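Have a look at the structure below, then the notes.
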2 protein chains.
Amino acid sequence: MERELLLLGLLQKEEMHGYQLHEFIDSFMQTCVDLKKSTAYYLLEKMAKEGYVTRTEEREGNRPPRRVYHLTAAGEECFLALLRQNLASYLPATFAGDTGLTFLDNLPASEAVSLLEQRRAQLAEAVAAIERAPLHTGTLQFMIEHQQVHLQSELAWLDSVIARLSNEE
Amino acid sequence: MERELLLLGLLQKEEMHGYQLHEFIDSFMQTCVDLKKSTAYYLLEKMAKEGYVTRTEEREGNRPPRRVYHLTAAGEECFLALLRQNLASYLPATFAGDTGLTFLDNLPASEAVSLLEQRRAQLAEAVAAIERAPLHTGTLQFMIEHQQVHLQSELAWLDSVIARLSNEE
DNA sequence: CACTGAATAGTCAAATCTGACTATTCAGAA
DNA sequence: TTCTGAATAGTCAGATTTGACTATTCAGTG
């Protein structure tokens with residue numbers, strides 16, 4: 001549901017064509033949501049069928065025609081309903097990385113530690129990247145702040161795991 | 001990839017039939033991974049085709065026949081490769097709940113706060129549930145501990161968001 | 001005994017998602 | 001001017017995931 005919410009929300013601010021939506025998501029929200037281009041088109045198509053958005057063909061100069069998506073009244077209503085539903089519920093996140101930890105004892109502790117140190121390096125890079133993120137105005141800031149809090153908590157925890165495994169050796 | 005890793009890892013400890021796998025995941029790992037029954041069967045089938053597991057039909061007494069899945073040597077190898085890959089990489093989590101926060105300003109602050117308080121209640125329940133989780137032995141403990149750390153960090157952050165929104169009113 | 005509900009064990013069509021691919025326009029380099 | 005690479009704008013077949021559905025066995029109840 002939250003991908004639809006995202007698309008509707010962006011269209012609600014201003015009408016956009018597919019590429020614009022995709023660019024926005026990729027450049028401002030890449031750390032927080034994962035929405036592929038083809039998925040975006042698929043969802044826009046679906047929501048067009050459901051009457052939440054309409055498409056108009058436009059061409060500017062000689063460029064290939066663009067399909068500009070507009071929110072309809074029904075889409076606006078749907079947006080608000082999804083928004084309320086999203087805000088009111090806690091959707092647990094799952095962590096792909098936890099599966100590996102479950103089978104840690106199938107490797108020698110020293111190897112496990114060195115693998116987890118590679119993981120740590122990537123996580124540290126993600127922390128650094130989010131710290132570098134320009135201060136965004138408005139509510140986008142919440143998302144970034146959440147990501148910061150989360151990544152820092154992840155890093156501290158991973159460090160404690162590595163420390164314990166190192167002691168066991 | 002991590003769903004395959006999980007299934008291979010469980011089979012590596014002991015051969016199992018589909019239902020057993022599903023039960024184990026549902027009862028011990030429900031907070032950390034999300035693997036539906038039908039997905040598990042699909043993946044087992046696929047891995048059978050790839051030669052990582054074999055199926056044998058068994059029947060005990062008069063019960064309907066069971067398909068017991070065994071890990072092959074190739075499966076063992078694949079398991080270790082996936083395990084190393086999983087441990088060595090940080091896979092970022094995405095938070096569906098962040099999308100709603102991005103569009104917070106489309107609702108009156110007071111409504112937003114009351115919706116987020118519902119979210120908070122669910123999150124608090126998740127925290128309580130994970131605290132109640134029996135101490136697991138071995139490496140399953142890491143997953144549970146991670147979930148605890150994560151949920152507590154989530155709760156603290158959500159509280160700070162709610163507090164700030166309440167002050168704005 | 002006949003019936004019911006829970007545990008057991010899956011199947012399948014439909015919904016969803018993705019990677020790989022195709023095209024056009026344009027600015028600048030050769 | 002021709003070529004190249006980046007930006008623009010999508011399409012589509014195939015992979016993945018899921019919800020809803022089907023069956024059998026068994027323990028206990030009336």
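First the proteins, then the strands, lettered A, B, ... as listed; each starts at 1. What you see is a predicted model, and the numbers here were worked out from it, not measured in a lab.
Between the OH atom of A:Y41 and the P atom of D:dG10 there is a distance of 4 Å, rounded to whole Å. Between B:H22 atom NE2 and C:dA6 atom P the separation is 17 Å, expressed in whole Å. Between the CD atom of A:E4 and the P atom of C:dC17 there is a distance of 7 Å, given to the nearest Å. Nucleotide D:dT17 holds its P atom 11 Å from the CG atom of B:L7, rounded to whole Å. Rounded to an integer number of Å, the gap from B:K46 NZ to D:dG14 P is 17 Å. Taking atom CZ on A:R3 and atom P on D:dT17, their separation rounds to 12 Å, with Å as the unit. Atom CD in A:E2 sits roughly 13 Å away from atom P in C:dT16 (whole-Å rounding). When rounded to the nearest whole Å, the span between CD of B:E23 and C1' of C:dT8 equals 9 Å.
Between B:K37 and B:Y42, it is B:Y42 whose nearest contact on DNA chain D lies nearer the 5' terminus. Looking at which nucleotide of DNA chain C each of A:L43 and B:Q20 is closest to, the 5′-most match is held by B:Q20.
Remark: side-chain polar atoms of A:T99 are not paired, donor with acceptor, to backbone N or O of B:L6 under 3.5 angstrom. Of the possible donor and acceptor atoms, one in the side chain of A:R3 sits under 3.5 Å from a partner among the backbone N and O of A:D34.
Judged by atom type and distance alone, B:S38 reaches the base of D:dG19 through a side-chain donor-acceptor pair under 3.5 Å. For A:K36 and C:dG19, a side-chain-to-base donor-acceptor distance below 3.5 Å is absent, hydrogens and geometry of angles not being considered.
Residues meeting the ring-ring contact (aromatic ring centres under 6.0 Å, His included) test with B:Y69, sequence neighbours left out: none.
Set against C:dC17, D:dT11, D:dT18, the side chain of B:D34 has D:dT18 as its closest nucleotide.
In this structure, a donor-acceptor pair under 3.5 Å is present between the side chains of A:H146 and B:E154.
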